[in-house]
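Just so you know, these numbers use all the heavy atoms, side chains as well, and skip hydrogens, waters and symmetry mates.
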Amino acid sequence: MASRIVNFVKEGRKIIGVAMNYRDLAKATGASIPKKPLVFLKATSAYIEEGTPIQTPPECKELFQEVELGVIIGKTGSKIPKASVMDYIGGYTLALDMTAMDFLREARQTGGSWELYKGFDTACPVGKFIPKAKIPDPHNVGLWSKVNGELKQNGNSKDLIFDVPTIISHVSNYMTVEEGDLILTGSPAGICQVNPGDKITCGFSDIAEMTFHVADK
């Protein structure tokens with residue numbers, strides 16, 4: 001097992017996200033089903049692990065949490081056929097995609113950039129590396145999140161609009177995916193606002209669980 005995969009937080013070079021990739025989220029928000037994956041990037045400086053608080057970006061009034069299945073790339077590849085993608089997966093992780101939603105909403109309306117509103121410091125809380133064998137089918141993983149003990153999200157990756165091979169093959173047609181890169185596959189319905197002092201707990205079925213606190217201002 002390559003150390004770069006296990007230590008993806010310190011050694012990975014890219015965080016690649018996919019927006020609006022769950023059917024139930026699209027239905028709940030009234031959004032159209034995308035015709036191809038809606039890809040964005042987060043800076044690797046956005047990574048945090050348990051014990052480090054989530055910070056609200058300056059002037060942000062709507063900080064949202066979104067639980068996600070993270071896929072860790074196991075070997076470098078470019079223009080990967082869908083049929084070969086699973087050979088490029090090194091493992092998985094539990095992740096939160098933190099979003100400055102008020103800023104992102106404005107950016108969508110004006111055609112502006114997403115990077116600062118998806119990639120700010122502490123915008124990518126993650127759990128530990130999960131070996132590939134622990135999740136034999138990434139398209140049947142239960143994802144849930146709670147805020148202050150109240151269940152907010154309770155979905156399953158079988159509801160993905162674009163499955164893992166489609167996402168990674170699509171991305172690799174444009175940019176090389178490298179060992180240790182993290183692919184965030186999207187979040188089910190129930191994404192919600194969090195506030196300073198809140199506690200976010202999330203997990204994959206009975207495979208993984210993590211807790212983060214939103215820092216007091």
For Ala107 versus Tyr117, what's the shortest heavy-atom pair and its separation? CB-CE1, 3.9 Å

Please find the pair of heavy atoms, one from Ala189 and one from Ala28, that lie closest to each other, and give the distance. CB-CB, 4.3 Å

Could you walk me through whether Trp144 and Glu209 pass side chain to side chain contact (heavy atoms under 4.5 Å, CB included), step by step? CA-CA 9 Å; Trp144 58 269; Glu209 183 175 316; 3.7 Å; yes

On a heavy-atom basis, which atom in Pro188 and which in Leu25 lie closest, and how many Å separate them? C-CB, 4.1 Å

Using the rule that two of Ile, Leu, Val, Met, Phe, Trp, Tyr join whenever any of their side-chain heavy atoms come within less than 4.5 Å, decide whether Val177 and Val71 are in one cluster. yes

On a heavy-atom basis, which atom in His170 and which in Lys36 lie closest, and how many Å separate them? CE1-CD, 4.2 Å

Parallel, tilted or perpendicular: which one describes the rings of Phe40 and Trp114, with boundaries at 30° and 60°? tilted

For Arg23, does the CZ atom sit with more than 12 other heavy atoms under 6.0 Å from it, leaving out its own atoms? yes

Tyr174 and Val39: CA distance, side-chain angles, deciding distance, side chain to side chain contact (heavy atoms under 4.5 Å, CB included) verdict: CA-CA 11 Å; Tyr174 296 88; Val39 176; over 6 Å; no

Would you say Glu106 has more than 12 foreign heavy atoms packed within less than 6.0 Å of its CD? no

Salt bridge (charged side-chain N to carboxylate O under 4.0 Å, His left out) against Asp181, all qualifying residues, sequence neighbours excluded: Lys14

Stepwise side chain to side chain contact (heavy atoms under 4.5 Å, CB included) test for Ser157 and Thr185: CA-CA 9 Å; Ser157 61; Thr185 57; over 6 Å; no

With heavy-atom distances below 4.5 Å as the criterion, would you say the side chains of Phe64 and Val194 are in contact? no

Would you check if the side chain of Asp24 reaches a backbone N or O of Gly155 as a donor-acceptor pair within less than 3.5 Å? no

Would a single hydrophobic cluster contain both Val164 and Phe129, if residues Ile, Leu, Val, Met, Phe, Trp and Tyr are joined by side-chain heavy-atom contacts under 4.5 Å? no

Side-chain touch Leu96/Val67, heavy atoms, less than 4.5 angstrom: yes

Output all residues satisfying side-chain contact (heavy atoms from CB on, under 4.5 Å) with Asp137, sequence neighbours left out; order by chain, then residue number. His139, Asn140

Using atom types as modelled and distance alone, determine if a side-chain donor or acceptor of Glu68 lies under 3.5 Å from a backbone N or O of Leu143. no

Shortest non-hydrogen contact from Leu41 toward Glu115: O-CG, 4.3 Å

Say you draw a straight line from CZ of Arg13 to CD1 of Ile73; how long is it, rounded to the nearest 0.5 Å? 14.0 Å

State, with a plain yes or no, whether a side-chain heavy atom of Val126 is found less than 4.5 Å away from one of Phe8. yes

Which of these, Ile191, Ile54, Asp97, Ile200, sits in a side-chain contact (heavy atoms from CB on, under 4.5 Å) with Gln65? Ile200

When you group the ILVMFWY residues by side-chain heavy-atom contacts below 4.5 Å and let the links chain together, are Ile168 and Leu182 in the same group? no

For Ser84, which residues count as a side chain to side chain donor-acceptor pair (under 3.5 Å) partner, sequence neighbours excluded? none

Taking every non-hydrogen atom, the tightest pair across Lys42 and Cys124: CD-CB, 4.1 Å

Considering only heavy atoms from C-beta outward, does the side chain of Met86 approach that of Ile89 to under 4.5 Å? yes

With side chain to side chain contact (heavy atoms under 4.5 Å, CB included) as the criterion, how do Ile5 and Glu179 come out once you've worked through the C-alpha distance, each side chain's angles and the decisive distance to 0.1 Å? CA-CA 6 Å; Ile5 302 172; Glu179 182 182 358; 3.8 Å; yes

What pairs with Thr211 under side-chain contact (heavy atoms from CB on, under 4.5 Å), at least two apart in sequence or on another chain? Glu50, Lys199, Thr201, His213

Just verifying a value: how many Å separate Tyr22 OH and Gln153 CD, rounded to the nearest 0.5 Å? 9.5 Å

Of all residues at least two apart in sequence or in a different chain, which pass the side-chain contact (heavy atoms from CB on, under 4.5 Å) check with Arg105? Glu62, Met101, Asp102, Gln109

From Lys118 atom NZ to Ser113 atom OG, the distance as rounded to the nearest 0.5 Å: 12.5 Å

Donor-acceptor pair, side chain of Ser205 and main chain of Gly142, under 3.5 angstrom: yes

Quick check: is Ile72 connected to Ile80 through a chain of hydrophobic side chains (ILVMFWY, heavy atoms under 4.5 Å apart)? no

Working to the nearest 0.5 Å, report the span between CG of Leu151 and OG of Ser145. 7.0 Å

Quick one: do Met98 and Leu116 end up in the same hydrophobic cluster if we chain Ile, Leu, Val, Met, Phe, Trp and Tyr together by side-chain heavy atoms under 4.5 Å apart? yes

Listed by chain and number, what are the side-chain contact (heavy atoms from CB on, under 4.5 Å) partners of Thr166, not counting sequence neighbours? Lys82, Phe162, Asp163

Give a yes or no on this: more than 12 heavy atoms of other residues, nucleotides or ligands lie within 6.0 Å of atom NZ of Lys132. yes

Could you point out which residue of Ile15, Val18, Asn21 forms a side-chain contact (heavy atoms from CB on, under 4.5 Å) with Leu184? Ile15

Sub-4.5 Å side-chain heavy-atom contact between Phe120 and Gln55: no

From the list Val141, Ile183, Ile135, side-chain contact (heavy atoms from CB on, under 4.5 Å) with Tyr92 holds only for Ile135

Check whether any side-chain heavy atom of Val214 lies under 4.5 Å from a side-chain heavy atom of Asn195, and answer yes or no. no

